[in-house]
Amino acid sequence: MSSERRRPYPFDQIEPKWQAIWDERQLFHAPNPGEKGFDSQKPKFFVLDMFPYPSGAGLHVGHPEGYTATDIIARYKRLRGFNVLHPMGWDAFGLPAEQYAIKTGQHPAITTRENVAKFKDQLKRIGFSYDWQREINTTDPTYYKWTQWIFLQIYNSWFNPETNRAEPISTYRGPDPDSVRLAYVADVAVNWCQELGTVLANEEVVDGKSEVGGFPVVRRPMRQWMLRITAYAERLLNELDHLDWPEGIKLHQRNWIGRSEGAEIDFKVASSRCVPTIRVFTTRPDTLYGGTFLVLAPEHSLVDLIVTEEQWPVVREYRERAALKSELERVDLSKEKTGVFTGAFAINPATNAKIPIWIADYVLLGYGTGAIGGVPAHDQRDLEFAKKFDLPIVVVVQPIGNEPAMGFTGEGIAVSSPIINGLTSAEAKKKITAWLEERGLGKRAINYKLRDWLFSRQRYWGEPFPIVWQAGKHRALNEQQLPLVPPLLDDYKPIGTGEPPLARAREWIRYSDEAVRETNTMPQWAGSCWYYLRFCDPHNDQRFVGEEAEHYWMGGNKPGGVDLYVGGTEHAVLHLLYARFWQKVLFDLGYVSKPEPFQRLVNQGIILGEDNQKMSKSRGNIVNPDDVIDQHGADAFRCYEMFMGPLEQMKPWSTRGVEGVARFLARVWRLLMTESQAGEWELSAKIKDVDATRPQQKLLHATIKKVTDDIESFSFNTAISQMMIFVNAFTSVEIIPLSTIRAFLILLNPFAPHISSELWEKLSRRFAELAEDITEQSWPAYDERLLVEDEVEIVVQINGKLRDRIKMPMAATEEELKTAALARPNIQERIAGKTVRNVIVVPKKLINIVV
RNA sequence: GCCGAUGUGGCGGAAUGGUAGACGCAACGGACUUAAAAUCCGUUGGGCCGUAAAGGGCCCGUGCCGGUUCGAGUCCGGCCAUCGGCACCA
């Protein structure tokens, strides 16, 4: 038996052939303005994939789903006469390469290089039309030089609340510029993971365990670099409105930013001279009369000053316990509320009542003012707390329905609140806030859930900070000292004390006799925050992106520069929020022309295994693209990925499904090719340079319309269906008109570029006037007039139920349709003896007789 | 708990408020073949009726219950289920 399985068409030969041709001719290279071959007459289209982390495992079938969609768009837009920027690169800093280095001592750069080569190879096999001249790698010093440079711009600026934008730090007039920089150092309670020897961002902690490895994570105060993303909260929120993103993702970002409007209210501390007031934030100032206690976060700085002598021991003990708790334990909802009394009292500014001040860990230091006014009657948490510790509960909001007022958290009517009695919650909020403002007791305030971005990592394989320390103060390197390259190490392990691995490089650290280098590195997000900009001008060594290139590729009249960005929902908040933040800083400082990076965002759904389960090694249901391509070819792989269903939807892989799509491509092949006695494929004699028949024209134009519309709306599955219908119809035809099949091949090209290129070439050998490559053609147009039918089938319904069909001329009037329908014997019979009450006529569609 | 998405044949999925199930898979039947594979042609939501045979006819059907409408998979209200995300944010 031959080990060579007979192939339905020779994809194994034509696919490598065309990939080599594309490479050689650099067909998909997009020249920049000013470069040779640049055509300024064409509009631009920037279509971007979320670039991958090149892991050792190689590509899985999920990656190429989005990549195929963007490749179809890219090829389609080129055929429609756009200058298309369609690049690919590597987000190559990251933990796996570093952990491999720790295990084997092999430098992560080597691992990275190998993995990148493997990924690139796999991508090339699928036939993507990337402009490989623009390939970038975040771990390349010529790339991260500019990541470090952007960090310096952030470090050297501050957010001016008056202008509502970032400005150079030199415009800051205050005493301590370090306190307002967009990049700053703070002692913060961080998520420390002993096992990984590093701190983690909140987003990297899942259920109190590290996202990578699942190791325990505890809170611990450490000196860290932070980026002041909170300064941009309002703009990050508002400027979402004009982006063409899925509503779900926008909502996700809005929730993450978490704007809430309310008031800050100052409570006088009774009998304390050193602490005049405690400020709390509330979204419900209208419930102030119901405030029967205050709660501070255990770490709140005023706690030390207000605790009474006799309460000190319990307070100290409670705080110690709270500090030891992991985030998981602290946030565990099922547990009961805890807290201790400080011994101190405050005065409720509305009631003038003396109310006790407690500390409890359900109040978070990082949100609002780290202190709350307890209104147990109208807040679930406060109610639990009050019940547990027997604190008074006062109802001050009356629900409008007949719900119980106790524990009612909705909006109602204010009661037992002299100043605002009888007002709705909304009115009451306004009035009480104004009342507080008049007396200097509080003011309107807005709070965000969004926290500043913890930007340092105790790792080796990341961008080193271009910062040195001298006499306890940090300062920036100057631009000429970039890139700052990390030193070679013998041992990549974290030191375990929280000191990063770079601390092992004694020589490297020593910057001068007095100054030492920062040893933290940047998180993996850093490189992906601006890579889309670098793609515009990847080889520029004077600037992170050339002005002209940035203006051209990021241009257009929308706020976002990238015309289409495709990737998974896992980046709904983090990457997409961070990139927007950097873009805005660069925009404010005048380095880029757009306030937003990505105008249109599309999320591809995940591909499940054949068993309808998430693909994973342990389930053994992973599908490797290489195997699929070996068996059925890259074109079949691409088309199947798109044929499975709507792009955004989650859907399971099916081996049978791939076979079906492969059969379709084989039918396309045999439509044009016949196999000779000798087993050679040659162009079919059925193809003739003749005019298409009327029905053939109709089908072709219907197909052009459907495929065009479906590509525009990302409905690739139905575009393929239509092409199948076309091919099915033409398989039984004796003579295939040349012009018809040419147009079809162009439609197919974005989906199945190899087979369509090959067949196009075969046609051009026979018919000399088709000398050019298929990629140089233009997208076919359709003629609406050809789609119009002369006769249509009209559905006849009685009371909305299908009862008959009649053929009628297109031009039939409503009257004619009505008469024809009522004349049908079938219909006559059914309406006999009944009164026709109404006849609804939808021209060209149906007639509904109501009896 | 809150937020979001999704529920259509044996399966993946199609359907501007107007013929539910396009296209593909699977299954079945046929052609070709010594045979198989491949290929080509046909049938295929469920139930029932009818006829010598064929064409045919009727009822039900898009998670469930209501509503709007001449007409609802599609719009509205209320449930249920599955999958994601967030989770003491005052």
Side-chain angles (χ1 to χ4, degrees), chain A residues 5-8 207 246-249 251-252 254-256 258-260 262 280-284 287 295 297 330-335 337 360-364 366-375 378-382 384-385 409 447-451 569-570 572-573 603 605-606 608 610 612 614 639-640 643-646 648-661 663-664 666-667 670 706 715 717-725 727-728 731-732 793-805 826 837-842 844-851:
Chain A
R5 201 174 145 278
R6 216 187 94 65
R7 303 183 194 286
D207 289 340
E247 276 310 311
I249 301 289
L251 189 66
H252 211 145
R254 289 191 185 108
N255 291 343
W256 191 265
R259 181 182 195 274
S260 27
V280 307
F281 174 72
T282 176
T283 54
R284 294 298 299 272
T287 62
V295 188
R330 242 185 110 150
V331 153
D332 187 1
L333 267 177
S334 58
K335 75 163 204 293
K337 293 273 179 290
D361 63 7
Y362 81 91
V363 176
L364 308 173
Y367 184 78
T369 59
I372 62 155
V375 185
H378 306 292
D379 183 286
Q380 191 55 39
R381 298 149 301 183
D382 296 343
E384 283 170 31
F385 192 75
T409 56
N447 250 297
Y448 297 94
K449 276 204 279 196
L450 185 69
R451 309 295 162 85
T569 34
E570 65 272 23
V573 275
N603 293 120
I606 50 174
L608 304 171
E610 209 137 9
N612 250 298
K614 221 172 189 165
C639 289
Y640 178 64
F643 187 64
M644 289 169 80
E648 298 88 343
Q649 198 169 297
M650 184 192 293
K651 45 209 177 281
W653 187 264
S654 155
T655 303
R656 298 286 197 181
V658 191
E659 287 165 10
V661 171
R663 272 201 283 271
F664 158 66
R667 276 208 302 280
R670 288 195 311 269
K706 179 91 178 128
S715 308
N717 52 334
T718 48
I720 294 171
S721 295
Q722 182 62 35
M723 290 191 281
M724 287 173 168
I725 291 169
V727 171
N728 290 347
T731 35
S732 52
E793 194 180 62
I794 306 287
V795 170
V796 184
Q797 296 180 335
I798 294 174
N799 291 339
K801 295 207 177 196
L802 173 69
R803 292 304 178 207
D804 203 358
R805 300 147 205 262
N826 184 358
R837 280 198 284 226
N838 195 3
V839 180
I840 285 124
V841 180
V842 183
K844 297 169 203 175
K845 277 266 159 92
L846 63 69
I847 298 152
N848 189 13
I849 300 160
V850 187
V851 293

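Reminder, nothing fancy here: chain letters follow the sequence lines and each chain counts from 1.
Among the heavy atoms of the strands lying under 4.0 Å from Met650(A) are primed sugar atoms or P, OP1, OP2 only; no base atom is included. Residue contacts for Gly660(A): at a heavy-atom cut-off of 4.0 Å it reaches the sugar-phosphate backbone alone, with no base atom in range. Within the nucleic acid shown, Asp382(A) has no heavy atom closer than 4.0 Å to any nucleic acid atom. Among the atoms of the strands shown, base atoms are found under 4.0 Å from some heavy atom of Glu793(A). Base contact: Lys449(A) has a heavy atom under 4.0 Å from a base atom. Counting non-hydrogen atoms under 4.0 angstrom, Glu247(A) reaches nothing in the nucleic acid. Among the atoms of the strands shown, none is found under 4.0 Å from any heavy atom of Arg837(A). Looking at heavy-atom distances under 4.0 Å, Ser732(A) makes no contact with the nucleic acid at all. Among the protein residues, Leu251(A) comes within range of the sugar-phosphate backbone only, with heavy atoms under 4.0 Å from sugar or phosphate atoms but none that close to a base. Using a 4.0 Å heavy-atom criterion, one finds that Asn447(A) contacts no nucleic acid atom at all. Residue contacts for Ser654(A): at a heavy-atom cut-off of 4.0 Å it reaches no nucleic acid atom on any strand shown. Residue contacts for Ile840(A): at a heavy-atom cut-off of 4.0 Å it reaches a base atom on one of the strands shown.
Comparing Lys706(A) and Ser721(A) against RNA chain B, the residue whose closest nucleotide sits nearer the 5' end is Lys706(A). If Ala666(A) and Pro652(A) are placed on RNA chain B by their nearest nucleotide, the residue sitting closer to the 5' end is Pro652(A).
A cation-pi arrangement is not found for Lys337(A) relative to Phe385(A), the charged atom failing to lie both closer than 6.0 Å to the ring centre and inside a 45° cone about the ring normal.
One finds the OG1 atom of Thr569(A) at 11.0 Å from the CD atom of Glu648(A) (value rounded to the nearest 0.5 Å). Rounded to the nearest 0.5 Å, atoms CD1 (Ile606(A)) and CD (Glu570(A)) are 8.5 Å apart.
Checking side-chain atoms of Arg803(A) against main-chain N and O of Val796(A) turns up no donor-acceptor pair under 3.5 Å. In this structure, the side chain of Asn717(A) does not engage the main chain of Met644(A) through any donor-acceptor pair within 3.5 Å. Listed for the Lys651(A) side chain is a donor-acceptor partner under 3.5 Å among the backbone atoms of Pro646(A).
Among G18(B), C23(B), A14(B), the nucleotide with an atom closest to any side-chain atom of Ile725(A) is C23(B). Residue Lys337(A) has its side chain nearest to C88(B) when only G24(B), A90(B), C88(B) are considered. Checking G85(B), A26(B), C23(B) against the side-chain heavy atoms of His252(A) singles out G85(B) as nearest. Comparing G18(B), G13(B), C3(B) against the side chain of Gln649(A) picks out G13(B) as the nearest. Between G18(B), A90(B), G24(B), one nucleotide has an atom nearer to the side chain of Phe643(A) than all others, and that is G24(B). Taking every side-chain heavy atom of Lys651(A) into account, G12(B) is the closest of G12(B), C40(B), C86(B). Side-chain atoms of Arg663(A) lie closest to U39(B) of the nucleotides G18(B), C23(B), U39(B). Checking G13(B), A14(B), C88(B) against the side-chain heavy atoms of Thr718(A) singles out A14(B) as nearest. The side chain of Trp256(A) has C86(B) as its nearest neighbour among U19(B), C23(B), C86(B). The Arg803(A) side chain lies nearest to C59(B) when the options are C59(B), A14(B), A90(B).
Comparing the C1' positions of U62(B) and U74(B) gives a spacing of 10 Å, expressed to the nearest Å. Between U8(B) and C23(B), the distance separating the two C1' atoms is 16 Å to the nearest Å. Going from the P atom of C25(B) to that of C41(B) covers 12 Å, rounded to whole Å. If you take atom P in C64(B) and the same atom in A72(B), they sit 15 Å apart, rounded to whole Å. When the C1' atom is used for both A37(B) and A31(B), the distance is 16 Å, rounded to whole Å. A distance of about 11 Å separates the C1' atoms of G61(B) and G21(B), rounded to the whole Å. Nucleotides G18(B) and G73(B) have their P atoms positioned 10 Å apart, rounded to a whole Å. Only the P atoms considered, G9(B) is 26 Å distant from G4(B), to the nearest whole Å.
In this pair, Tyr367(A) and Phe281(A) present their aromatic rings perpendicular. The plane angle is above 60°, beyond the 30 to 60° band.
A 3.5 Å limit on both hydrogen-bonding distances identifies G42(B) as the Watson-Crick or G-U partner of C28(B). Across every strand in view, G7(B) sits in a pair with C80(B) that passes the Watson-Crick or G-U test at under 3.5 angstrom. Across the strands present, G21(B) finds no partner; the criterion is a Watson-Crick or G-U wobble pair with both atom distances under 3.5 angstrom. With a cut-off of 3.5 Å on both pairing distances, the Watson-Crick or G-U wobble partner of C2(B) is G85(B).
Distance Leu802(A) CG to G61(B) P: 15 Å, rounded to the nearest Å.
More than 90° away from 0 lies the glycosidic angle of G50(B), which makes this nucleotide anti.
Thr369(A) pairs by the side-chain hydrogen bond (donor to acceptor under 3.5 Å, both in side chains) definition with nothing, not counting sequence neighbours.
Checking the phosphate oxygens (OP1, OP2) of C40(B), no side-chain nitrogen or oxygen of Thr731(A) falls inside 4.0 Å. For Asn612(A), no side-chain nitrogen or oxygen approaches OP1 or OP2 of C83(B) to under 4.0 Å.
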